[in-house]
Amino acid sequence: SLPINANVVGFLTKNSNIISSNSYSDTLTPGNKIIKFSFPASDIRQKRLNGPYNVLLSISEDIFNEVIQYNTSAYSYTQFGKPPAEFSLIFSDIGRDTNANTLYDFLTLNTGLAINESGNYTVLGWLANSTSGIITQAQNNSLLPQGSSNLGLSFNGKDIYKSKYNGPYNLLFLRLYDDLGNLIDSVEMIYNTSNYNYSQFEKPNAFFTNIFTDNGQDTNFDLLYDL
């Protein structure tokens, strides 16, 4: 038998959620061969899903393709390496009136962080309505010491007013970056705020009132509308 050029693709999954993927390409000679697949610990840690995991492997060579499955041993995601910082999944929210006019200028969401290595970190978050429509985003960049920290994301009250949606609002996406801009943790649809009415927030300087009228205009007096 001649050597073959084979490509193996692997997916690490849990409950239909893809946690990580990897691929391997090589020229394979006849006989048994051991292929080692490595899935980054950071991918498993970020998904916060415990094992056992399901591995889907696909090997392809020319027109031939085969797919097999394998179940791993039981693991806890906390057994995998910690990133320099990660979300501790502790949240709270508060409306902030900064100009003392009884309207909230910001909706501030306080985000708990576990800082494993002191450094400069950026948290970026998206606020959504109850139907997952994005209202606005906010970010906070701070130098944080090792240990437990709390970082506030201040979402603009005017954006919330313009949305015309009442709360509770959903923290739809949350991303954590190191000082080099590398994504080191992320969570999705993780927190719902307290109840708010959009009218509690600061009004924009100009906005639609949703009051409209219409009429046809005959500018040349021929009994037909020109506009």
*Asks:* Could you tell me which non-hydrogen atom of Pro52 sits nearest to which non-hydrogen atom of Thr72, and how far apart they are?
*Replies:* CB-O, 3.1 Å
*Asks:* Are the side chains of Ile115 and Pro145 in touch, meaning some heavy atoms are under 4.5 Å apart?
*Replies:* no
*Asks:* Return yes if a side-chain donor-acceptor contact under 3.5 Å exists between Asp93 and Tyr196, otherwise no.
*Replies:* yes
*Asks:* Which heavy atom in Ala74 sits nearest to a heavy atom in Gln79, and how many Å separate them?
*Replies:* O-OE1, 4.5 Å
*Asks:* Are side-chain heavy atoms of Tyr121 and Ile184 found at a separation under 4.5 Å?
*Replies:* yes
*Asks:* Just do the side chain to side chain contact (heavy atoms under 4.5 Å, CB included) check on Leu107 and Thr136 with the steps written out, would you?
*Replies:* CA-CA 11 Å; Leu107 175 58; Thr136 186; over 6 Å; no
*Asks:* For a 4.5 angstrom cut-off between non-hydrogen side-chain atoms, does Leu109 reach Phe155?
*Replies:* yes
*Asks:* Is the shortest side-chain heavy-atom distance between Phe173 and Ser186 below 4.5 Å?
*Replies:* no
*Asks:* Quick check: closest heavy atoms across Asn141 and Thr122, and the distance to 0.1 Å?
*Replies:* ND2-OG1, 2.5 Å
*Asks:* If we check salt bridge (charged side-chain N to carboxylate O under 4.0 Å, His left out) with Asp185, which of these qualifies: Arg45, Arg175, Arg48?
*Replies:* Arg48
*Asks:* Would you say Ile94 and Leu153 are hydrophobically clustered, going by side-chain heavy atoms of ILVMFWY under 4.5 Å?
*Replies:* no
*Asks:* Flag the pair Pro84 / Asp178 as yes when at least one side-chain heavy-atom distance between them is below 4.5 Å, and no otherwise.
*Replies:* no
*Asks:* Can we call the ring centroids of Tyr165 and Tyr198 under 6.0 Å apart?
*Replies:* no
*Asks:* Is the closest side-chain heavy-atom distance between Val123 and Phe87 below 4.5 Å?
*Replies:* yes
*Asks:* So, for Ile44 and Tyr77, which heavy atoms are closest and what is the spacing to 0.1 Å?
*Replies:* O-CB, 4.0 Å
*Asks:* Under a 4.5 Å cut-off applied to non-hydrogen side-chain atoms, are Leu172 and Met189 in contact?
*Replies:* yes
*Asks:* Minimum heavy-atom separation for Leu113 to Ser88, with atom names?
*Replies:* N-OG, 3.5 Å
*Asks:* Let me know which of Thr108, Asp105, Thr98 forms a side-chain hydrogen bond (donor to acceptor under 3.5 Å, both in side chains) with Ser154.
*Replies:* Thr108
*Asks:* Is there a side-chain contact between Phe39 and Ile19, using heavy atoms and a 4.5 Å cut-off?
*Replies:* no
*Asks:* Assigning hydrophobic clusters by single linkage (Ile, Leu, Val, Met, Phe, Trp, Tyr; side-chain heavy-atom cutoff under 4.5 Å), is Leu176 placed with Leu174?
*Replies:* yes
*Asks:* How long is the span from the CG atom in Asn71 to the OG1 atom in Thr13, to the nearest 0.5 Å?
*Replies:* 8.5 Å
